[in-house]
Amino acid sequence: MKIILTHEVSGLGAAGDVVDVKDGYARNYLVPRGFAIRWTKGGEKDVAQIRRARKIHEISTIEQANEIKAKLESVKVRLAVRSGDAGRLFGSVTPADIASAIKAAGGPDVDKRRVELGSPIKTLGGHQVSVRLHPEVAANLGVEVVTA
């Protein structure tokens with residue numbers, strides 16, 4: 001099935017790309033979650049609009065990505081969450097929580113979809129998080145999770 005991506009999907013493409021995927025993947029995952037729309041001849045107009053919006057929000061050069069990487073890696077991120085007696089969290093820390101904590105710590109604005117967690121953060125302490133700024137540049141960020 002041919003679809004138009006409306007958001008960046010890891011391993012598939014960026015917003016505005018027209019890709020072929022299996023019918024079930026598009027019908028059951030991408031379209032219901034708003035990551036893609038079905039491709040139509042009229043949808044080609046949407047592609048141009050999505051690409052214009054992507055250019056506004058996209059980090060275009062590697063130099064610009066390296067500048068933002070330096071800013072991100074210099075920021076100390078502390079995230080206060082509720083936890084139990086043994087240091088286990090009530091729930092887990094999401095990429096959206098990390099993106100808002102970066103902004104609160106004085107760092108640059110980061111889209112939550114660019115924050116990559118190796119595994120869900122469910123304990124107190126220090127954790128390493130990767131922020132994918134550009135296809136060739138990723139910032140490694142230390143996040144300290146403390147009890148609220």
Side-chain angles (χ1 to χ4, degrees), residues 1-22 24-39 43 46-84 87-148:
M1 173 184 286
K2 234 179 182 180
I3 58 169
I4 302 168
L5 295 176
T6 57
H7 295 292
E8 184 174 343
V9 178
S10 183
L12 192 57
D17 290 348
V18 178
V19 294
D20 271 327
V21 296
K22 300 258 184 181
Y25 183 49
R27 193 173 44 247
N28 297 325
Y29 181 75
L30 295 172
V31 174
R33 286 176 174 77
F35 294 144
I37 56 174
R38 292 180 187 262
W39 181 87
D46 294 337
V47 170
Q49 182 181 5
I50 291 169
R51 286 187 179 153
R52 276 195 307 270
R54 183 176 79 181
K55 283 191 184 234
I56 293 170
H57 298 295
E58 185 179 75
I59 299 170
S60 56
T61 64
I62 293 177
E63 291 82 22
Q64 185 182 11
N66 283 327
E67 288 174 14
I68 295 173
K69 177 183 176 181
K71 289 179 189 175
L72 271 176
E73 290 179 345
S74 68
V75 173
K76 299 282 186 188
V77 179
R78 290 178 60 97
L79 194 58
V81 294
R82 292 183 51 214
S83 65
R88 303 253 324 145
L89 304 183
F90 296 134
S92 64
V93 175
T94 65
D97 295 335
I98 294 171
S100 63
I102 292 170
K103 178 114 171 119
D109 225 358
V110 175
D111 186 16
K112 67 180 181 183
R113 291 182 293 271
R114 295 193 178 274
V115 176
E116 296 176 343
L117 300 175
S119 59
I121 298 175
K122 295 186 176 193
T123 58
L124 296 174
H127 300 277
Q128 285 295 320
V129 175
S130 177
V131 180
R132 185 178 20 83
L133 301 169
H134 188 269
E136 299 174 14
V137 178
N140 292 320
L141 179 65
V143 176
E144 187 172 348
V145 180
V146 296
T147 187

Side chains of residues 98-110: which donor-acceptor pairs under 3.5 Å do they make with residues two or more places apart or in other chains?
residue: Ser100; atom: OG; partner: Ala96; partner atom: O; Å: 3.3
residue: Ser100; atom: OG; partner: Asp97; partner atom: O; Å: 2.9

Excluding sequence neighbours, so at least two apart, what forms side chain to side chain donor-acceptor pair (under 3.5 Å) with Arg113?
Asp111
Measure across His7 and Gly34 and return the closest heavy-atom pair with its distance rounded to 0.1 Å.
CD2-O, 3.1 Å
Residue pair Val19 / Val9, side-chain heavy-atom distance below 4.5 Å:
no
Nearest 0.5 Å, what's the CG-CZ distance between Leu72 and Arg114?
11.5 Å
Drop me the distance from Ile3's CD1 to Leu12's CG, to the nearest 0.5 angstrom.
6.0 Å
CD1 (Ile4) and CD1 (Ile37) are apart, to the nearest 0.5 Å, by 4.5 Å
Atom pairs and distances, donor-acceptor, side-chain atoms in residues 120-132, under 3.5 Å, two or more places apart:
residue: His127; atom: NE2; partner: Thr123; partner atom: O; Å: 3.0
residue: Arg132; atom: NE; partner: Glu116; partner atom: OE2; Å: 2.8
residue: Arg132; atom: NH1; partner: Glu8; partner atom: OE2; Å: 2.6

Minimal heavy-atom distance between Ala65 and Leu133, with the atoms involved, is O-CD1, 3.5 Å
side-chain contact (heavy atoms from CB on, under 4.5 Å) filter on Lys76, not counting sequence neighbours, yields none
Sorted by chain and residue number, the side chain to side chain donor-acceptor pair (under 3.5 Å) partners of Glu73 (sequence neighbours excluded) come out as none
Under 3.5 Å, which donor-acceptor pairs link side chains of residues 137-148 to any protein atom two or more places apart or in another chain?
residue: Thr147; atom: OG1; partner: Ser83; partner atom: OG; Å: 3.2

Quick one: ring pair (Phe, Tyr, Trp, His ring centres under 6.0 Å) partners of Tyr29, sequence neighbours excluded?
Tyr25, Phe35
Of all heavy-atom pairs linking Arg33 and Asn28, the shortest is NH1-O, 3.6 Å
When you look at His134 and Glu63, which way does the side chain to side chain contact (heavy atoms under 4.5 Å, CB included) test go after all the steps?
CA-CA 10 Å; His134 188 269; Glu63 291 82 22; over 6 Å; no
